[in-house]
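Worksheet: the structure to be examined is printed underneath.
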Amino acid sequence: MEGRTGSRPAGLDRASVAATALALLDEVGLDGLTVRRLAAELGVQSPALYWHFRNKQELLDLMAQELQVAMRTSSPRDDESWPQWTARRARERRQLLLSRRDGARLVAGTRPGPAIARQAEAELQPLVSAGFTPAQALRSITAIGHYVTGFVMEEQSARRRPQPDLPTSPGSAIQNTPTLAAAIREGGPPESNEAFEQGVAMLIDGMQALLQRTASRQH
């Protein structure tokens, strides 16, 4: 059922609906979140919620926007270079997505709103000031954002799936992939903090190379 019916319910607004939905997300996960269950949590009938969103996708968009707005816009500190600031923002985004059950899945499947656009505007300015063109800056923060979201999606999925015992008998997969086995011994699981930091560093290295190429073409 979609669309508004009846009179606007008293005592509810979009912010309170989104806050309750995010709390319910922690309890039931993205697959268990339904408009009916949210309405029961709020003590109203399902049609009452359609005063605040037209369908479930719009509810998810609202939830994702509220979650991301919690990550306050931050300029580089006085003692912080743009690469250091970019890495810090990536870590902060990771922690934000990890703060909610299925946070990465929620954000990956939704559309940004005006508040997120204003955040993006503020994130672009330090990079443009460092010498990136607006397009280069946007592509850079988008690439890092996609990396962080994808990394956290794997992290959160790994928490839910059982961890199989690695076979060690002759002829097993691990015995037949010695380089992979060495990599796992050396680096640990692919969702480790060290793996995350290496990925961020590689992206920032690419941004620095791009900036150098842009500067060389201008001279």
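Just so we're clear, the structure is a prediction, and the values are computed from it rather than from any experiment.
The shortest non-hydrogen separation linking Ala90 to Ile144 is CB-CG2, 3.9 Å. Across all their heavy atoms, Val35 and Leu49 have their closest contact at O-CD1, 3.8 Å. The two residues Gln68 and Leu96 make their nearest non-hydrogen contact at CA-CD2, 3.8 Å. Nearest heavy atom pair, residue Met153 against residue Ala108, reads CE-CB, 3.5 Å.
With sequence neighbours excluded, the residues forming a side-chain hydrogen bond (donor to acceptor under 3.5 Å, both in side chains) with Asp61 are Gln57, Arg111, listed by chain and number. Qualifying salt bridge (charged side-chain N to carboxylate O under 4.0 Å, His left out) partners for Arg91, counting only residues two or more places apart in sequence or in other chains: Glu197. For the salt bridge (charged side-chain N to carboxylate O under 4.0 Å, His left out) test, no residue two or more places apart in sequence or in another chain qualifies with Glu66.
A salt bridge links Arg89 with Glu92: the closest approach of a Lys/Arg side-chain nitrogen to an acidic carboxylate oxygen falls below 4.0 angstrom.
Screening Leu22, Asp26, Leu67 against Ser99 for a side-chain contact (heavy atoms from CB on, under 4.5 Å) leaves a single residue, Leu67. For the side-chain contact (heavy atoms from CB on, under 4.5 Å) criterion with Leu98, the lone passing option out of Arg101, Arg100, Gln95 is Gln95.
A side-chain donor-acceptor contact under 3.5 Å links Ser74 and Arg88.
For Glu123 (side chain) and Leu138 (main-chain N/O), no donor-acceptor pair under 3.5 Å exists by modelled atom type. Judged by distance alone, the side chain of Thr177 and the main-chain N or O of Leu180 form no donor-acceptor pair under 3.5 Å.
Classified by interplanar angle (parallel below 30°, tilted 30° to 60°, perpendicular above 60°), the ring pair Tyr147/Phe196 is parallel.
Annotation: cation-pi geometry not satisfied between Arg94 and Phe151 (NZ/CZ under 6.0 angstrom from ring centroid, within 45° of ring axis).
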Next on the checklist: Is there a side-chain contact (heavy atoms from CB on, under 4.5 Å) between Thr86 and Leu127? Walk through the geometry before answering.
Outcome noted: CA-CA 9 Å; Thr86 302; Leu127 295 179; 4.0 Å; yes
Next on the checklist: Quick one, Val17 with Leu59, criterion side-chain contact (heavy atoms from CB on, under 4.5 Å). Give me CA distance, side-chain angles, the key distance, then yes/no.
Outcome noted: CA-CA 9 Å; Val17 169; Leu59 168 64; 4.2 Å; yes
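With contacts defined as side-chain heavy-atom distances shorter than 4.5 Å, the pair Gln119/Arg72 does not qualify.
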